[in-house]
Protein chains: 2
Amino acid sequence: MSKSTPAPSDTPFQKLENQLCFPIYAVSRMLTKAYQPYLQALDLTYPQYLVFMLLWEHTELTVKELGEKLLLDSGTLTPLLKRMEQKQWLSRRRDPRDERSVIISLLPAGRAMQQQACHIPQQMLEKLAMTPAKFEALRLQLQTLLTQLA
Amino acid sequence: MSKSTPAPSDTPFQKLENQLCFPIYAVSRMLTKAYQPYLQALDLTYPQYLVFMLLWEHTELTVKELGEKLLLDSGTLTPLLKRMEQKQWLSRRRDPRDERSVIISLLPAGRAMQQQACHIPQQMLEKLAMTPAKFEALRLQLQTLLTQLA
DNA sequence: ATCTGTTTAGTTGTGCACAATTAAACATTA
DNA sequence: TAATGTTTAATTGTGCACAACTAAACAGAT
């Protein structure tokens, strides 16, 4: 029939909008961009904000623990944490009981950041304009997918 | 009551797992990683694969059109497309009728890539192990969210 | 104590992602 | 057509993200 085209570009699978990956990839970047005005006012990047959220909750965490929670490795975290250390937001020191580990601790300037950032989740929620039910449904589906992938 | 702590870290909003953004950010990266074995075999990165999916469908697109479809700007696309040009997958030339635009065209090696990549969506689908219904539901929710954000 | 294997961060190199700026080409209007 | 404004890519600089590798510290076994 046709001149041997085993992969027509209009196969549903092959179209960008029919895939799951592209919407997630795009939404992820757009969401990060939506945080920008709030984070920029605090001189923060989104991954740095994630580190702060964990430190506000736990005060002290090793690089390994941060990596497990954020699904990031030391290749990403080490330079990121060094930048945050330079701004006096946190300290990095070896664990005396296990010199392999590096303990990340919140410093006063980092703790103070919590008050300035505490309204961000609310503001983002408003920006999304989603019903709590839809929000929770989507969150659970992503959680499931993440478990499947991680 | 308490000594003025307006932002307790255990406020539901402030916890990582109660946010929408982190799961999306994490799923996005894990999904890209799940593509890795298939893409690496073709010497492709995920954003390059996205460019290919569009070119397989349209053969020719300007940088502006690619940017609109992928939600990426020239700061990202120009170097990415230059790398793809070096591998002879596509060509970059100014539009003679409007010298501002750059037309990206598929070259033979780029077209040949389609046959090698055409099984990737299927394989990814199997990896996700989702029912078609859940897949479609999640896709639609993300599409809605993307419209809200973009 | 020594050897072996594992764990933990750090380092190096590549490739996005994006804000901000630049410059050329085009469009519009005076 | 000259002046002004807009559009389009490219450039520059910063910060992730990750694969691959290195090196030090620890654990467990002889």
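Since the structure is predicted, the reported quantities are computational estimates derived from the model, not experimental observations. When reading the values below, keep in mind they use all heavy atoms of this one structure, side chains included, and skip hydrogens, waters and symmetry mates. Chain naming here is simple, since letters A, B, ... match the order of the sequence lines and numbering starts at 1 in each.
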- Message: Salt bridge or not between R139(B) and E136(B)? Use side-chain N to carboxylate O under 4.0 Å.
- Response: yes
- Does a side-chain N-to-carboxylate-O contact under 4.0 Å join E65(A) and K69(A)? no
- Query: Looking across every strand, which nucleic acid part, if any, lies under 4.0 Å from T62(B) by heavy atom: base, sugar-phosphate, or nothing?
  - Reply: sugar-phosphate
- Message: Quick check against the 3.5 Å criterion: does T144(A) have a side-chain atom that pairs as donor or acceptor with the backbone of L140(A)?
- Response: yes
- Message: When you measure from the side chain of R94(B) to the backbone of I103(B), do you find a donor-acceptor pair of N or O atoms at a distance under 3.5 Å?
- Response: no
Spacing between [X] atom [atom1] and [N] atom [atom2], to the nearest angstrom:
X: L81(A); N: dT11(C); atom1: CG; atom2: C1'; result: 15 Å
X: L66(B); N: dA10(D); atom1: CG; atom2: P; result: 11 Å
X: E68(A); N: dT8(C); atom1: CD; atom2: C1'; result: 11 Å
X: R92(A); N: dA9(C); atom1: CZ; atom2: P; result: 11 Å

- Item | Non-hydrogen side-chain atoms of Q48(B) and M113(B) separated by less than 4.5 Å | no
- Rounded to the nearest 0.5 Å, how far apart are CD1 of I24(A) and CG of L145(B)? 11.0 Å
- Task: Taking only heavy atoms on the protein side, list every residue of residues 93-106 of chain A lying under 4.0 Å from any atom of DNA chain C, sorted numerically.
- Result: R94(A), R100(A), S101(A), V102(A)
- Message: If the cut-off is 4.0 Å, is K64(B) near the phosphate of dT6(D), judged by side-chain N/O to OP1 or OP2?
- Response: no
- Item | Charged tip of R29(B) within 45° of Y25(B) ring normal and under 6.0 Å | yes
- Task: Please identify each residue that fulfils side-chain hydrogen bond (donor to acceptor under 3.5 Å, both in side chains) with Q148(B), with sequence neighbours left out.
- Result: none
- Does a distance-only test, which skips hydrogens and angles, find a donor-acceptor pair under 3.5 Å between the side chain of T78(A) and the base of dA9(C)? no
Do any N or O atoms of the protein come closer than 3.5 Å to N or O atoms of nucleotides 15-19 of chain C, and which pairs are they?
{"from": "dC16(C)", "atom 1": "OP1", "to": "T45(B)", "atom 2": "OG1", "distance (Å)": "2.7"}
{"from": "dC16(C)", "atom 1": "OP2", "to": "Q48(B)", "atom 2": "NE2", "distance (Å)": "3.0"}
{"from": "dC16(C)", "atom 1": "OP2", "to": "R83(B)", "atom 2": "NE", "distance (Å)": "2.8"}
{"from": "dC16(C)", "atom 1": "OP2", "to": "R83(B)", "atom 2": "NH2", "distance (Å)": "3.0"}
{"from": "dC16(C)", "atom 1": "O5'", "to": "R83(B)", "atom 2": "NH2", "distance (Å)": "2.9"}
{"from": "dA17(C)", "atom 1": "OP2", "to": "Y25(A)", "atom 2": "OH", "distance (Å)": "2.4"}
{"from": "dC18(C)", "atom 1": "OP2", "to": "R29(A)", "atom 2": "NH1", "distance (Å)": "2.8"}
{"from": "dC18(C)", "atom 1": "N4", "to": "G75(B)", "atom 2": "O", "distance (Å)": "3.4"}

